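Reading through the structure tokens given below for one structure.
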Amino acid sequence: MAKTTIDVTQGILRDVQSEIGKRVGMLPNLASERTKTLRGRINGAKATVSVCPYCAVGCSTVAYTDSTGMLLDVEGNPESPINAGHLCPKGSAIFGMTVNDARWTTVKYRAPFSHRWEERPLSWAMERIASLIKTTRDETFVREWNGKRVNHTRAIASLGGATFGIEENYLLGKLMHSIGVVSIENQARI
Amino acid sequence: MGRGGATAWVPDLANADCILIQGSNFAEAHPVAFRFVMQAKERGATIIHIDPRFTRTSALADIFAPIRSGTDIVFLGALVSWLIENKRYFHEYVSAYTNASFVVRQDFQDTDDLDGLFSGWDAASGSYDTTSWDFERDAQGQIVTDETFEHPRCVLNVLRRHYARYTPEMVENTCGIPVATFTHIAEILAANSGRERTTAFAYAVGWTQHSSGVQFVRCSALVQLLLGNIGRPGGGIMALRGHADIQGATDIATLYDLLPGYLPMPSALRTESTLAEYLASNQKKTGWWANMPKYVVSQLKAFYGKAATPENDFCFSYLPQLIGDHSMLPTTFAMKDGNVRGYFVIGQNPGASGQNAELVRSAMERLEWFVNIDSFENETSSFWNREGADPSTIATECFFLPAATVLEKEGTMTQTSRMLQWHDKALEPAGTSKTDLWYFYELGKRLKALYADSSDEKDRPILDMTWEYDDPDEPGEPGEPSARKVLQEINGYVTATGEQVASFADLKDDGSTASGVWIYTGVFPDATTNRARSRVGDDSTSLGWGWAWPANRRTLYNRASADPLGRPWSERKKYVWWDETKGEWTGVDVPDFPKTKAPDTPAIAGASGMDAHSGADPFIMLAQGRAQLFVPAGELKDAPIPAHYEPLQSPIHNALYAQEVNPMMRQWRRPDNRYNDSPHDYPYVLTTYRITEMSGIMTRYIPWLAELQPEAFCELDPELAVEKGIRNGEYMVISTALGEMEAKALVSGRMRPLRINGKRVHQIGIPYNYGRMGFARGDSPGELIALSMDPNVSIHESKSLTCNIRAGRRAPLATPDIEMAVPAQMRTTIGESVAHGAQ
Amino acid sequence: MATGFFTDTTLCIGCKACEVACKQWNELPSDGFSFTGDSYDNTVELSGTTWRHVAFVEQIAATPDGVEDRWLMSSDVCKHCENAGCLEACPTGAIIRNEFGSVYIQPDVCNGCGYCVVSCPFGVVDLIDSLGGTAKYSTANLQESRLDASKTALAHTGGVAGKCTLCYDRQTLGMVPACAKACPTDSIQFGDVATLRERAKERVTTLHARGETSAQLYGADDIGGGIGTLNAFFLLKDRPSVYNLPERPVLPSTRQPDGYAAAAVIAVGLAIAGWAIFRSA
Amino acid sequence: MNDEKPLLKAPHWGANVTTYLFLGGIMGGLGLIQLLCDPRDESMRKLRRTTRIASFLLAAVNPPILISHLGRPERFLHMMRIVKLKSPMSVGVWGLVLYSGAAGANMVRELAQSGVLPSWMRHFAPHALTFAQAVLGAFTAGYTGVLLSATAVPLWAAGKRHIPAASISSGAASACALASLLSVIEGNHEACVKTERLEMVASAVEFAILMDFRRVSGDYGKPMFEGPRAEKFRTVTLIGGIAVPIALNLLGQILPLPKPVDAARTVVASVLTLLGGYVLRETFIESGKASAAVRQTAISQPT
């Protein structure tokens with residue numbers, strides 16, 4: 001289908017006023033100030049091209065943000081040869097993944113035997129995780145197996161990758177291989 | 001066929017004259033890609049859907065055939081047989097571009113000879129010696145061929161015999177597809193293939209998640225090759241992958257047995273201690289893979305920079321070695337048995353969507369520490385607080401790191417047609433959320449600091465790995481990594497100058513180039529050009545939009561879109577052809593062939609690399625340049641030709657062979673992984689799937705989606721519902737030997753009982769989108785599925801199972817007995833010693 | 001120039017992208033999470049906060065023949081009638097016809113009397129309850145700083161009538177309505193109504209030629225009952241009632257003359273009787 | 001598709017709208033009665049004063065009841081921004097406003113004439129307003145019916161003539177009942193005889209209209225005339241609110257009863273009529289909700 005373009009009539013209601021008057025009665029079509037100045041909220045907003053994070057069809061999206069950086073709207077990118085502006089229901093809901101009251105946006109920690117999550121500073125958590133990796137690695141590192149050099153640890157495993165980018169996969173793989181982790185898996189298997 | 005990606009470009013489906021959708025609920029799982037199916041339909045194409053359920057895809061298809069889950073090879077094998085017996089295959093294509101004429105070794109024995117097994121079966125080890133699965137060679141070592149197809153052992157005749165008993169009647173009795181429907185479909189496929197017309201196949205996890213998953217896909221390739229539809233517009237096999245970057249995660253390979261770019265991980269099961277040994281055991285002498293040393297060395301240079309020198313084998317010894325199958329399922333058992341101490345789960349939720357999800361969750365209780373990176377609390381992150389668990393007995397130290405969403409970061413994802421697309425950053429991450437890149441980068445920096453003073457040889461990889469990704473554009477936030485810099489390293493550069501490498505043809509094996517992922521070389525060809533960020537589309541192949549590996553090709557093996565002499569098969573299906581005057585391949589796509597290699601170039605006997613292929617051999621990644629109807633030794637573990645085995649859990653006996661199930665499928669028979677061994681107790685076929693409105697945890701918290709499908713449900717046919725006293729909209733319980741789950745009943749005539757060998761078989765279906773958290777919630781069929789897996793790629797079987805059902809609700813979950821006795825011989829202490837090989 | 005929707009149900013795959021895209025653009029809350037067991041339809045109907053609704057109709061033959069089975073899907077929406085019951089009924093003038101010929105509810109004018117609700121012969125318009133006070137809605141993915149009547153399409157305090165605006169605010173920017181843009185298979189087409197009508201008629205001819213003789217248009221021509229044509233019209237694969245659309249909708253205001261006349265007759269009659277009773281000695 | 005799935009939206013209206021319609025009917029009926037009173041007759045003058053005061057009080061309480069049902073009550077005045085002849089709600093509100101004005105002015109005149117207010121204030125209301133209040137009263141009583149019948153609710157739509165007619169006759173009957181009641185309290189027996197006579201006529205007309213509605217409405221009328229709701233309607237409106245009061249009033253007209261007994265009879269008859277009138281509106285509203293849920297009658301709507 002050819003892209004539909006709309007002839008925008010800016011003179012609010014004037015053209016249709018008289019005819020509607022005949023149909024509906026007296027003073028039927030009184031536009032409020034809000035109506036007279038109504039414009040889509042993305043008018044003049046910053047547009048950023050992104051990609052849908054759900055399935056692997058790879059639909060291109062456009063995210064609109066206002067001057068304060070607040071997300072206003074996410075929709076399909078009409079320029080894309082894959083989706084030509086269209087999106088499925090999940091893609092149409094991308095906005096709700098970023099803007100969501102239920103989303104967790106702070107670092108959380110659950111101590112051994114604890115019944116709850118508690119918030120912790122990011123740097124604390126990173127330091128703690130790095131030292132746990134080091135301890136585990138140092139204690140479980142295997143240099144040889146059946147007389148062959150293996151240089152690995154089987155006590156650390158990693159799962160994930162299909163939902164984040166190739167740069168992230170690359171860095172994760174490079175890091176894990178250098179640590180000696182062999183159980184590196186992602187959803188591609190699943 | 002030699003590469004790990006879909007052969008075709010999604011919009012190309014619109015050019016098909018017929019589309020067979022099987023093992024995929026295309027319209028529901030990929031609605032936007034389905035628009036190309038609809039476009040093809042509007043142009044007159046016939047759409048065929050074969051599926052256990054009448055779905056939204058079926059509703060739009062011209063022909064729907066219900067099939068018993070797990071019997072696809074019978075159907076596809078019958079198509080192979082029908083095409084050969086009725087001589088309806090594309091003769092010129094088959095003889096020129098496939099190994100149909102190759103003669104198979106005399107000592108090869110087929111399933112008909114051995115009642116379901118191939119030659120070389122070793123019952124003791126439970127695996128095949130695949131030596132006999134090969135071609136006969138003459139004195140010069142050249143493969144013996146018979147272009148007349150008369151030799152009884154030529155591949156075409158081997159196929160003919162192998163599938164002789166895969167008749168339309170067998171299809172009716174095994175799959176439940178009536179003979180008339182089968183022959184109707186076969187006629188349509190044959191009529192819409194050949195010079196003038198093409199047929200496309202589309203599949204998804206409905207084929208792969210089986211104990212013979214790889215063979216399902218292989219069998220479809222057989223049909224498509226016989227029909228001559230590979231490498232041609234409107235043809236091919238469209239793998240519809242489920243996750244945004246799942247292709248990228250396969251290419252870059254956060255998979256245990258692969259290094260980025262489909263390079264195998266070094267393994268101590270073979271002898272690969274040095275780079276030379278590794279190359280000796282993995283490099284193919286002929287075809288494109290002869291270039292492998294260049295890619296391996298460049299990758300090691302990318303990993304370890306200046307430390308990697310010719311003298312030290314380019315730090316090859318830094319790479320850990322495999323000692324078995326370290327994939328997710330064996331790792332889960334190892335975890336349960338107390339042999340894994342730390343676990344990262346990033347953007348994945350095995351605690352709900354994993355098979356035997358309770359095993360996964362209870363296994364995690366044995367961890368010392370656990371790191372989850374996600375945007376939402378999920379069943380995995382809070383496994384210690386799940387129904388039935390007692391946190392005060394769980395010692396695991398747990399971290400939840402909040403992840404930025406796709407809009408909050410920049411980077412690249414690779415979609416299902418192997419296309420890389422860069423996305424810009426729209427806004428700052430919410431709260432203290434960080435990108436996954438930041439977390440990995442930060443961990444690497446901290447580990448480098450922790451090991452800074454070490455002189456231990458084992459710590460050299462961490463210290464030597466190049467780790468300079470600070471973003472120059474974010475001066476205010478020191479330590480923010482730059483995805484662009486990482487992508488530049490993935491692309492590759494000249495080590496001396498730091499200049500970007502423009503093509504993987506420029507990579508060297510002497511350490512003068514570095515490239516993280518050779519197949520992606522070309523995406524960032526110079527310092528300022530990010531071709532993943534190309535955004536000029538068009539109505540054809542859109543070569544200006546994104547960048548597809550390899551070398552921006554849309555359709556793989558597109559040399560096959562021209563005849564052996566390089567002319568288009570027909571004007572209608574013109575795509576890539578030989579331009580005699582210019583002396584090069586040309587067309588609407590980037591030719592997947594050496595650009596100036598003329599069609600009449602002869603193969604050089606005994607040569608290595610591409611010289612061993614003629615100008616008419618389109619499948620450049622394969623050793624012989626021909627598509628493999630018969631897969632020779634060493635490439636697949638379980639069969640050179642797909643054979644039908646029943647799913648591990650099936651109410652029906654294998655009608656073809658005494659061998660019931662895939663003899664090589666991996667099983668774990670333990671108290672915490674019980675199979676339905678008595679079909680009598682579990683008489684119904686259970687299939688799982690995903691629905692349009694839901695993904696997983698990424699959608700269950702979004703109210704707009706949650707309201708569309710708010711609760712786990714189970715689809716069943718009205719006859720079964722009446723029989724079991726289950727009422728529409730009310731709760732029902734589905735049970736297996738492993739456990740039970742509850743769901744709301746959705747009684748619909750779209751589900752229908754099949755008549756299999758005179759027996760009435762009911763199938764039920766449960767969506768795989770739910771978990772116990774979020775706005776939309778419910779039990780996951782993961783609670784019902786005992787782990788088992790395909791021998792080739794370690795994929796689990798979750799599409800065809802058996803179960804029992806009843807009306808009502810399940811009992812509350814009890815505290816799991818994590819001390820539940822698993823006998824010592826069943827425990828998993830190391831990576832499972834299942835042989836692994838190159839894919 | 002009037003713009004509108006041509007919803008071609010023969011192309012609908014029931015994905016519900018229209019429902020979600022609509023809610024996202026118009027910043028509408030979800031209507032709650034309950035499983036209906038009615039095929040794949042869990043939003044049930046158009047409401048004050050659900051402006052697109054996909055109906056699912058399972059037509060499954062009793063015998064497993066594999067030929068006659070159909071699963072019809074259709075995305076319903078406000079019809080933007082040529083003569084609109086809601087618009088005529090609205091006592092505040094909150095409902096107007098805008099320059100695109102669409103029937104538009106001005107949320108800042110509407111006082112929630114509910115008269116439009118009963119005046120729609122298609123059952124489209126409904127009141128939005130107070131968003132804060134009930135557990136019915138989930139606003140988890142609305143921007144909190146925009147939960148302010150002056151900024152969003154519906155007054156977030158609720159208590160007003162809601163229905164499809166044909167994305168009036170998008171149209172002022174020359175943009176296609178959110179549902180039509182999202183629809184992956186072009187089942188929802190947006191444009192100049194006259195052009196769409198021509199296209200729809202050609203489409204019916206094509207379908208009839210293919211043997212799909214039950215294909216029919218709904219609202220492309222005068223639908224009767226005084227309503228006239230619909231700016232949002234449909235191509236259906238079966239009778240309208242199968243999709244829960246009225247076969248014979250009637251414009252409510254057409255009944256007024258009769259009503260007033262009957263009342264007047266009785267009034268005059270009673271007055272005469274009263275006069276006789278009261279003014280007799 | 002689920003066959004039970006409604007096609008139309010049910011009215012959101014409840015007891016407040018029922019009350020509004022009920023009181024609107026009485027108010028309109030009182031407007032008629034005040035016109036009928038011959039001021040030269042003492043009892044009639046008293047009745048006129050009573051009805052004028054009562055009608056104004058009703059006109060004063062009705063807007064708050066109407067406002068209370070709005071989703072955004074603070075926007076009640078938005079109804080004043082337009083006049084829309086095709087909207088019964090719009091013209092009804094304007095009718096109510098005008099009626100209030102007329103009733104108010106007429107009441108002021110009554111109060112001025114009876115010395116409660118300064119006598120010059122009687123000039124506020126010209127004689128024409130007497131007639132105007134009657135006409136506006138008839139309009140407001142009738143509009144409450146048109147308000148319902150000019151909708152898509154099948155039951156109401158099917159009663160496009162019957163419901164306005166029944167509304168106005170029921171309004172008149174209820175107004176007579178209220179007037180009788182007030183007259184009894186005031187001891188104005190002569191007036192009471194006349195209002196009871198008129199009430200009998202109005203009730204009889206109402207009864208005939210409702211019976212005819214039942215006869216012609218077919219499937220559309222089922223939500224009102226069949227099922228549990230019909231039981232209450234039959235008992236409270238048709239029997240208790242029409243038949244019994246007519247009988248009692250006839251009794252009063254024929255038999256010379258002792259005064260206290262007769263007064264009691266009037267009270268009982270009037271209360272029953274008022275109750276029946278309320279339940280009639282309640283039946284309209286509640287059966288309307290049920291009717292909107294009946295898919296079949298919404299598919300083929302009454303013309």
Side-chain angles (χ1 to χ4, degrees), chain A residues 1-17 19-20 23-25 27-35 37-44 59 68 70-76 78 83-103, chain C residues 1-3 15-25 27 83-84 87-88 90 93-101 104 106-109 138-146 150-152 167-176 178 180-186 189-192 195 199:
Chain A
M1 175 185 130
K3 281 182 193 135
T4 314
T5 49
I6 308 306
D7 173 24
V8 182
T9 317
Q10 292 296 350
I12 300 267
L13 310 175
R14 220 163 292 141
D15 306 348
V16 279
Q17 186 84 53
E19 206 202 333
I20 301 215
R23 277 194 195 146
V24 187
L27 304 175
N29 235 26
L30 211 56
S32 71
E33 280 309 306
R34 179 189 175 282
T35 304
T37 55
L38 186 71
R39 293 289 178 279
R41 65 181 175 280
I42 59 174
N43 195 17
C59 298
T68 67
M70 180 171 77
L71 188 63
L72 295 174
D73 178 40
V74 184
E75 43 192 271
N83 59 308
H86 305 293
L87 288 175
C88 79
K90 292 188 286 287
S92 298
I94 292 171
F95 178 95
M97 213 169 101
T98 297
V99 177
N100 196 317
D101 289 349
R103 187 177 158 191
Chain C
M1 182 192 77
T3 55
C15 74
K16 311 180 196 170
C18 48
E19 290 193 34
V20 180
C22 172
K23 290 213 170 188
Q24 199 252 163
W25 172 260
E27 302 184 283
N83 298 304
L87 190 154
E88 293 182 342
C90 178
I95 307 186
I96 59 170
R97 189 172 298 277
N98 68 17
E99 68 270 34
F100 303 107
Y104 177 67
Q106 305 177 90
D108 54 331
V109 178
S138 171
T139 56
N141 31 46
L142 304 185
Q143 281 284 16
E144 215 165 303
S145 61
R146 292 179 54 78
S150 66
K151 284 188 180 165
T152 58
C167 280
Y168 186 16
D169 51 350
R170 289 173 70 91
Q171 287 204 59
T172 62
L173 301 178
M175 295 172 70
V176 171
K181 185 178 177 195
C183 179
T185 53
D186 285 329
Q189 301 172 22
F190 169 78
D192 167 47
T195 314
R199 189 188 301 163

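Since we're looking at a predicted model, the values are computed, not measured. Residue numbers begin at 1 in each chain, while the letters A, B, ... track the order of the sequences.
For chain C, the option among A:Gly76, A:Ser32, A:Gly96 with the highest count of heavy-atom pairs below 4.5 Å is A:Ser32. When A:Ala93, A:Ser92, A:Cys59 are compared by the number of non-hydrogen pairs under 4.5 Å with chain C, A:Ser92 comes out ahead. When the candidates A:Leu72, A:Ile42, A:Asn83 are compared by the number of heavy-atom contacts under 4.5 Å with chain C, A:Ile42 comes out ahead.
Evaluation of the salt bridge (charged side-chain N to carboxylate O under 4.0 Å, His left out) rule for A:Glu33 yields A:Lys36 as partners, not counting sequence neighbours. Residues passing the salt bridge (charged side-chain N to carboxylate O under 4.0 Å, His left out) test with C:Lys16 are B:Glu693, sequence neighbours excluded.
Only the backbone of C:Cys183 comes within contact range of chain A, with at least one heavy atom under 4.5 Å from a heavy atom of that chain. Residue C:Thr195 does not touch chain A at all, counting heavy-atom pairs closer than 4.5 Å. For a residue to count as touching a neighbouring chain, one of its non-hydrogen atoms must lie under 4.5 Å from one of that chain's; by this rule C:Glu144 touches chain A with the side chain only.
The heavy-atom pair separating A:Val99 from C:Asn141 by the smallest distance is O-CB, 3.0 Å.
With C:Asp169 as the partner, the side chain to side chain contact (heavy atoms under 4.5 Å, CB included) test is satisfied by one option alone out of A:Leu38, A:Asn43, A:Thr35: A:Leu38.
No side-chain heavy atom of C:Gln106 sits under 4.5 Å from any side-chain heavy atom of C:Tyr168.
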